[in-house]
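Below, chain A is the first sequence line, B the second, and so on; all start at residue 1.
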Amino acid sequence: MKKSSKFTALLLSLALLITGVGACGKGTSGDATKASSGDTIKIGLVFSLTGGTAISEQCMYNSALLAINEINAAGGIGGKKIEYVVKDYATDADTAVKVVKDLILQDNVKAIVGLYTSSSRIAVEPVLEEYKIPLVYPTFYEGEKPNPYVVYTGCVPNQQGDYFVPYLMDNVSKNFYLIGTDTTYASIINDQAKTLITSLGGNVIGEELVSSDTTEFSDVIAKIKDQCGDQGCVIYCNLNGDSGTSFYTQFSAAGLSDNYTIASFIMDESFSTALGKAAVGTYACVNYFNTIDTDANTKYLKAYSDAYGADSAKAVTAVGESTYDAVYLLSKSLEKCGADITTDNILKNFDDLTFDAPQGTIQVDPDTHHIYCTARVGLVQDDGTIKIVYQSDKPIKPEPTK
Amino acid sequence: MSLSMLSQLLVSGLSGSFVLLLTSLGLVIILGYMKVVNLAHTEMLMAGAYICYYAFQVAKLPFVAALAIAFAASFLFGVVIERLIICHFYGKMSETLLATYAISMLLKQGALLLFGKNYKKVDYPTSEVFTFGSVYIESYKVVLVGISILVLAFTFFFIHKTKIGRKIRSTTQNRSMTECLGIDTKRVDTITFSYGMGLAGLAGAAIAPISTVTYSLGESWLTNTFMNVVMGGVSSLFGTFASSVIIQESISVISGLSNSVTAQIIVLLVVIVIVRLKPEGLFTSKERR
C-alpha cells in the first residue's frame, strides 16, 4: 500500500468526523434580514436540535418560530421586527452554558427563550445572573426557588401532581408503584408523589429508579407483578425518552395493561401518537393537551399544521404550547418597555402579564414569575389523541417552592 | 424474593442473554477475526431497525423478508465502507477507531436528517404471551431466542465448515502465509467485515419491535455489547455466548434483589476485575490450532 493513499484515507476519515461533529455543534442564525439593531429586537433561542431530548424539543423550537413569524407578520413589537439567533445545546448542560454565553456576548441578545432539561437550566442560571440577561424557560418542571432572571411558563408540581394523585386514587387504584429515570427531575417528582400518596391514605408498593439508557424492562416488570399481585395498581412512571417508550411497549406486550394502569407526566401527544396500542388507556397530566377546545388553540394548531404539516400538528405537546406562550409573553413585555429595553424593565413588565393562550388565559404571578394555569388529567384514546377527563375549576396559583 | 419471581427473573434474563448475543455477534466477528474495533456497530443496529420499520411496518413485507433486507443492505454497506475506508487502516488501532467513529457519527446524523426525530414504532410480529404458572414470556422473545440460535449456528457453520470460513481463519492466523498459498486476503477481509456489518443490521431489525426506533437507538446498546465482547473474549463464539448469559442473568437477578442501577454497577465492576485477571477475556480459545 502506498503511503499517500493511507494519508488520503486518513484525511477522508477526518473529514467525515468533522462533518459529523459540524452537523450537531454549530448554531444557525435565523431571519435573513440583516437590519441594523435600531430596526429589530434580537432574542436568542436555545433548544436541543440534536441529542437525547431532541424529540421533545422539536415541537418547542417549531412553536417558537411560529410565534415569532406571527408577531413579525402582525407588524412586530412597536414596529420593530424580532430577529432571532438559534443555538443547539444537544441535551448537554455544559454546551448550554457555552451557547448561552455566546448569545449574550457575541450576538448581544436582549432575552433568551428555551431550555428543556432541569440540569441545563440549573447550569445556565449563574450565567444569567453574571450578565443580567433574562431567560424565559418554557418547560414544566420540578419547582425551585425562583431565579430573579428566569420567567417560567410551564407548570409546577402543585399545578400537576397535586391533582393527578388524588384523581388516580379516586378513579383507578389506591396502590402505587413508582418508576423513574435516575435524574433530578424524576427523583424529586417521585418523592413528592410518595408524600402525597401516604398523606391521602394510599399505599406505595414499590419504587424503582433506572439509568437513563435502560431499554430492557423485564426485570422491572417481573418485580411489579410479584409485588402488586392481583390487586389493581397505578404505575406512576417518570421515565424519559427511549426508556419510556420501551417500558410502555414491553409493559403492554407482557399483557400487564389489563391489571395495572400507567400514569405519567411524561406521556404527551408525541408519545401517544407514536406508541399506538401500547399507550391506549394510560393517564397523563399537564396544563395543556392539544384536544383543548378554545379559539386560540384552534388557531394555534391550524397555523402549526400549515407550517409543519398535519401529522406534526397531531403531536403538538404542552412544552410546545408553553414555548409559544413564552415568546408571546416576552413580546408583550418588550412592547411595554417601549424605547427603554433594559433587563430590569423586561423582567418588571412580566408582572401580572396576561395572554390569551391556547390552553386558556394565563397570567404571570408577580411574586414567583411562574404562571397561573389550569391542571388537567388526560386519558389516551384509541386514535392516539389525549382526552381531557378532569380539569381544575379555575387557574391555580403557582407554588414552585412547595 | 419469592421463587416465582426468581424463576421469572431467570427466564427474562435468559431471553435477554440471547438478545445480547445476537446484538454482539457482528462486533465479535469484526474484532476477533480482523482486530478492528468497530465503533459503528451500534449505529448499524440503528440502521437495521430503520430498515425493519420501513420494510415491515410501512411496506407490510413479511418479517422474515425485513430481516433478510436488513442483512443484505448492511452487508453491502459493509462492502462499500471496507473498500473505501477500512481497508487502508488494518493493523492501526487508533486510525481504525477514528474511522469507524466517523462512520458512526455519519450514520447517526444521517438518520437524524433523513428520518427526523420522531419515534417510530414497529409492531410485534407475534403478540401472544406464554404463561407457565406465574412465569410469563412474550412469544416474540422466544422468536428472538430462535433467531439468535440460528444466527449463532449459521455463523459457526460459516466460519468452521465452509471454504471461505477456512480462508477467514487462516488469514487471521497468518496473513502472509495465506497469501503465499494464492488466497486473495483482501477479498477475505471484505467478506469478513461485511458479514459482521450484515449481522449487526440483522440484529437491529430483529430488536426493532422491542425497542423504539429513533436515531439514538444505538446509544443504549453501546455499553452492554462492548462489555460483552470484552468479557467473552474475541476468539471464540462460545465465549460470547457464555458471557452474554452471565451478564444478562446477573443484571436480571441483581436488579430483582435491589435495582437496575446497582445491578449495572456491580456487573461492570465484575467485568473490570475479570478483564484485569484475564485480559484476553473469560474464554480465550484453547481451540486455536
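- Note: A:A254 leads A:A278, A:A315, A:G276, A:A254 in heavy-atom pairs under 4.5 Å with chain B.
- Heavy atoms only, all atoms of each residue included: B:G256 and A:K223 are closest at O-CE, 3.1 Å.
- Both the backbone and the side chain of B:S252 come within contact range of chain A, with heavy atoms under 4.5 Å apart.
- Listed here is the closest heavy atom pair of B:V261 and A:D182: CG2-OD2, 3.9 Å.
- A 4.5 Å side-chain heavy-atom check between B:Y136 and A:I221 finds at least one atom pair inside the cut-off.
- Considering B:V253, B:L257, B:L9 as possible partners of A:D219, the one that fulfils the side chain to side chain contact (heavy atoms under 4.5 Å, CB included) test is B:L9.
- Between the OG1 atom in A:T215 and the CG atom in B:L217 there is a gap of 7.5 Å [rounded to 0.5 Å].
- Nearest heavy-atom pair across A:E208 and B:S255 is OE2-O, 4.5 Å.
- With values rounded to the nearest 0.5 angstrom, A:F217 atom CZ is found 12.0 Å from B:I210 atom CD1.
- Looking at heavy atoms from C-beta onward, B:T214 lies in side-chain contact with A:I55 at the 4.5 angstrom threshold.
- Comparing B:S104, B:S12, B:S4 by heavy-atom pairs within less than 4.5 Å of chain A, the highest count is held by B:S12.
- For the atom pair CD (A:Q250) and CD (B:E138), the distance works out to 7.0 Å, reported to the nearest 0.5 Å.
- A:T50 and B:L112 make their closest contact through CG2-CD2, 3.4 Å (heavy atoms, listed as atom of the first residue, atom of the second, distance).
- With values rounded to the nearest 0.5 angstrom, B:I251 atom CD1 is found 9.5 Å from A:E216 atom CD.
- For B:Y215, the part sitting under 4.5 Å from any heavy atom of chain A is the side chain, from C-beta outward, and nothing else.
- Heavy-atom distances place no part of A:K277 under 4.5 Å from chain B, backbone and side chain included.
- For B:K141, the part lying near chain A is the side chain, with the backbone staying farther off; criterion is any non-hydrogen pair under 4.5 Å.
- Contact check for A:T249 versus B:K121: side-chain heavy atoms found under the 4.5 Å cut-off.
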